[in-house]
**Student:** 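Handing you this structure, nothing more for now.
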Number of protein chains: 2
Amino acid sequence: MTAAVRKPRYERRLAGDRRQALIDATIKSLKRHGHEGLSVRRIAAEAGVSIGLINHHFPNKNTLVAESYRHFTRQLTARFQAAVLLAPPDPRARLHAFFEAVFSRPNLDPHVLTAWIVFWGLFRQSPEIRKAHDEAGRGYGELLRALLADLVEAAGTPRIDPRLTSIGLTALLDGLWLEWCLDPKNFKPDEAVSLCEAWIEGLLRTTVPATSR
Amino acid sequence: MTAAVRKPRYERRLAGDRRQALIDATIKSLKRHGHEGLSVRRIAAEAGVSIGLINHHFPNKNTLVAESYRHFTRQLTARFQAAVLLAPPDPRARLHAFFEAVFSRPNLDPHVLTAWIVFWGLFRQSPEIRKAHDEAGRGYGELLRALLADLVEAAGTPRIDPRLTSIGLTALLDGLWLEWCLDPKNFKPDEAVSLCEAWIEGLLRTTVPATSR
DNA sequence: TTTGTTCCTGTACGATCGTTCAACAATGAA
DNA sequence: TTCATTGTTGAACGATCGTACAGGAACAAA
């Protein structure tokens, strides 16, 4: 007669749950170990499962990574959108909330850059990753363009080129974020927000026909 | 009696020349193949030598890569400095020349970003790479701060925070450069320069005590 | 209790990685 | 011409990679 209580050697899970757990483990592994974390053995260890399980739920590593990228970017933009929705309905306040969301946790984290760099490095050779990248850029860009459009409409400055404006603001945001992640002690998150606000100020002033000279 | 003319199986070179050739081949390989180009076999193939030669001239791969990084960044900042020196001695014109240099070949090239991404990915785990990175950032930052200082002095706008200003401009520059490299058909290099010029305009206007309100 | 489904494990395979090293050969000096 | 120097080659090593696959085990249904 064997023992009445036996600890099972592993716990079965629904395929969907396990897939998500593997995706989460992939992101964690990339954040923690960078490019070295991009290995089925590291990912499996992070998820607490065996090596073979990955290829049971995903046809190959590349697909897992691409889906992780998709999840990663969707989560970030969803957080930005949520921050905007929580802000007062004033265009300026909503844009400010967006800035705050970009320059605070969990987005403002060197480990997030570490993961981004891995994804950037992959997208040149994997069409699947490239597709996920385009999708992410579109979501982020549309959100930012909408915020800018509202602002411009409210301010009544008609002469703004929406395309170029959003390109500039995106660059400033990404550039500041990148700079901070590469060297967090260089400046404070608040200062990054201030710089973005100053850019907006300048934008609203510039497009009104110059007052002097 | 053997043939009078025999083609040598390989050509010997001075150690210094060969080292430089290997460094050049490393950069080429990273530009061309991204992270996959970071392999002694790829690099040796690119340089047209055998695998073993690398460890004859460098103690290990990491050292070769770190020195390549150093060479890569020095070359870029040297080009920026040269562009500035060639411009008329007017602060505004020199800054414009700097912008033009950033947003034109050979700096404005998706392959350059490909190489950068590999280096960024390495610097988290290699102190040698990190040192090269800091050195590069210092050179670039000092050049930009000097240009901004001259501009501010000439314009006579005393209230500018030089630290924060250079952080903002660096972010705008890097962000635009990154955006263009990730998707070159998104905007034209001229437009990037215009955005930077507009930022400078806004800067000079902002710091003068506000005229109205 | 038995059976079937499928989630899961872990070994194995071939490929490629960085590094080592003994042998080779190009070149200049003797 | 011979010799010594040293830049160069390429096979070999152990480690690690992604993937395949046969077998084991958890859980639900019968």
Side-chain angles (χ1 to χ4, degrees), chain A residues 1-23 25-26 29-30 33-68 118 121-122 125-126 128-129, chain B residues 1-23 25-26 29-30 33-68 118 121-122 125-126 128-129:
Chain A
M1 189 178 281
T2 54
V5 181
R6 251 248 312 282
K7 193 173 183 182
R9 306 210 310 161
Y10 58 86
E11 197 179 353
R12 282 172 75 115
R13 294 219 215 152
L14 293 177
D17 293 352
R18 185 64 81 185
R19 277 177 63 93
Q20 189 56 51
L22 287 172
I23 286 172
T26 302
S29 182
L30 290 187
H33 304 111
H35 207 279
E36 292 185 352
L38 192 72
S39 124
V40 287
R41 283 165 180 81
R42 297 260 191 172
I43 294 169
E46 183 74 50
V49 300
S50 71
I51 319 161
L53 192 58
I54 287 177
N55 283 39
H56 177 72
H57 290 287
F58 297 90
N60 50 49
K61 191 185 76 164
N62 197 51
T63 303
L64 166 60
V65 175
E67 293 208 17
S68 300
V118 177
L122 293 173
Q125 59 206 12
S126 159
E128 233 168 335
I129 297 271
Chain B
M1 189 180 281
T2 53
V5 181
R6 252 249 309 286
K7 194 173 183 182
R9 306 211 310 165
Y10 59 85
E11 196 180 356
R12 283 170 74 116
R13 294 217 215 154
L14 292 178
D17 294 352
R18 186 64 82 185
R19 277 176 63 93
Q20 189 55 52
L22 287 172
I23 287 172
T26 302
S29 182
L30 291 186
H33 305 110
H35 207 279
E36 293 186 350
L38 194 70
S39 125
V40 287
R41 283 165 179 81
R42 296 259 190 173
I43 295 168
E46 183 74 50
V49 299
S50 72
I51 321 161
L53 192 59
I54 286 178
N55 283 48
H56 177 72
H57 290 287
F58 297 90
N60 51 49
K61 191 185 77 164
N62 197 50
T63 304
L64 166 60
V65 175
E67 294 210 16
S68 300
V118 177
L122 293 174
Q125 59 207 12
S126 159
E128 233 169 333
I129 297 271

**Student:** Apply side chain to side chain contact (heavy atoms under 4.5 Å, CB included) to the pair B:Phe58 and B:Val40, showing each step before the final yes or no.
**Tutor:** CA-CA 11 Å; B:Phe58 297 90; B:Val40 287; over 6 Å; no
**Student:** For B:Arg42 and B:Ser29, which heavy atoms make the closest approach, and how far apart are they?
**Tutor:**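 Residues B:Arg42 and B:Ser29, closest heavy atoms: CB-OG, 3.8 Å.
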**Student:** Roughly, in whole Å, what's the span from CG in A:Asn60 to P in D:dC21?
**Tutor:**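 Atom-to-atom, A:Asn60 to D:dC21, this comes out as 15 Å.
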**Student:** Identify, between B:Arg42 and B:Pro59, the residue whose nearest nucleotide on DNA chain C lies closer to the 5' end.
**Tutor:**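 Nearer the 5' end of the strand: B:Arg42.
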**Student:** Whole angstrom is fine here: how far is it from CG in B:Leu122 over to P in C:dC17?
**Tutor:**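 Atom-to-atom, B:Leu122 to C:dC17, this comes out as 15 Å.
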**Student:** Rounded to the nearest 0.5 Å, what separation is found between the OG1 atom of B:Thr26 and the CD atom of B:Glu46?
**Tutor:**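 Taking OG1 in B:Thr26 and CD in B:Glu46, the distance rounds to 9.0 Å.
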**Student:** Mind listing the closest non-hydrogen atom pair of B:Leu22 and B:Ala47 along with its distance?
**Tutor:**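 The answer is CD2-CB, 3.9 Å.
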**Student:** For A:Phe58 and C:dC8, what is the distance between atoms CZ and C1' respectively, to the nearest whole Å?
**Tutor:**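 That distance rounds to 15 Å.
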**Student:** Looking only at heavy atoms, which two atoms of A:Thr63 and A:Pro59 are closest? And how far apart?
**Tutor:**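 Shortest heavy-atom contact: OG1-CG, 3.7 Å.
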**Student:** Which heavy atom of B:His33 sits nearest to which heavy atom of A:Gln125, and what is that distance?
**Tutor:**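 Shortest heavy-atom contact: O-OE1, 4.3 Å.
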**Student:** Find the distance A:Glu36:CD to D:dG18:P and express it as a whole number of Å.
**Tutor:**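 Taking CD of A:Glu36 and P of D:dG18, I get 12 Å after rounding.
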**Student:** If only side-chain N and O atoms of A:Ser39 are considered, is one of them under 4.0 Å from the OP1 or OP2 phosphate oxygen of D:dT16?
**Tutor:**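 No, A:Ser39 has no side-chain N/O under 4.0 Å of OP1/OP2 on D:dT16.
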**Student:** Measure from CZ on B:Arg41 to P on D:dC13 and round the result to the nearest Å.
**Tutor:**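 Taking CZ of B:Arg41 and P of D:dC13, I get 14 Å after rounding.
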**Student:** Nearest whole angstrom, please: distance from the P of C:dT20 to the NZ of B:Lys61.
**Tutor:**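 Rounded to whole Å, this separation is 14 Å.
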**Student:** Each nucleotide N or O in nucleotides 6-9 of chain D that has a protein N or O under 3.5 Å away: list the pair and distance.
**Tutor:**
unit_1, atom_1, unit_2, atom_2, d
D:dT6, O2, B:Arg12, NH1, 2.8
D:dT6, O2, B:Arg12, NH2, 3.2
D:dG7, OP2, B:His56, NE2, 3.2
D:dG7, O4', B:Arg12, NH2, 3.2
D:dG7, O3', B:Arg13, N, 3.4
D:dG7, O3', B:Arg13, O, 3.4
D:dG7, N2, B:Tyr10, OH, 2.5
D:dT8, OP1, B:Glu11, O, 3.2
D:dT8, OP1, B:Arg13, N, 2.9
D:dT8, OP1, B:Arg18, NE, 2.9
D:dT8, OP1, B:Arg18, NH2, 2.4
D:dT8, OP2, B:Arg18, NE, 3.1
D:dT8, OP2, B:His57, NE2, 3.0
D:dT9, OP2, B:Ser50, N, 2.9
D:dT9, OP2, B:Ser50, OG, 3.0
D:dT9, O5', B:Ser50, OG, 3.3

**Student:** Under a 3.5 Å distance rule, please check whether B:Lys61 uses its side chain to pair with a backbone N or O of B:Ile54 as donor and acceptor.
**Tutor:**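 No, the answer is negative, given that no donor and acceptor are paired below the 3.5 Å cut-off.
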**Student:** Starting at atom CG of B:Leu22, determine the distance to atom P of C:dG18, rounded to an integer number of angstrom.
**Tutor:**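 Whole-Å distance recorded here is 14 Å.
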**Student:** Whole-Å distance between C:dC17 P and A:His35 NE2?
**Tutor:**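 Those two atoms, NE2 and P, are 13 Å apart.
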**Student:** Using a cut-off of 4.0 Å on non-hydrogen atoms, how would the nucleic acid contact of A:Leu38 be classed: base, sugar-phosphate, or nothing?
**Tutor:**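 Since only primed, P, OP1 and OP2 atoms lie under 4.0 Å of A:Leu38, the category is sugar-phosphate.
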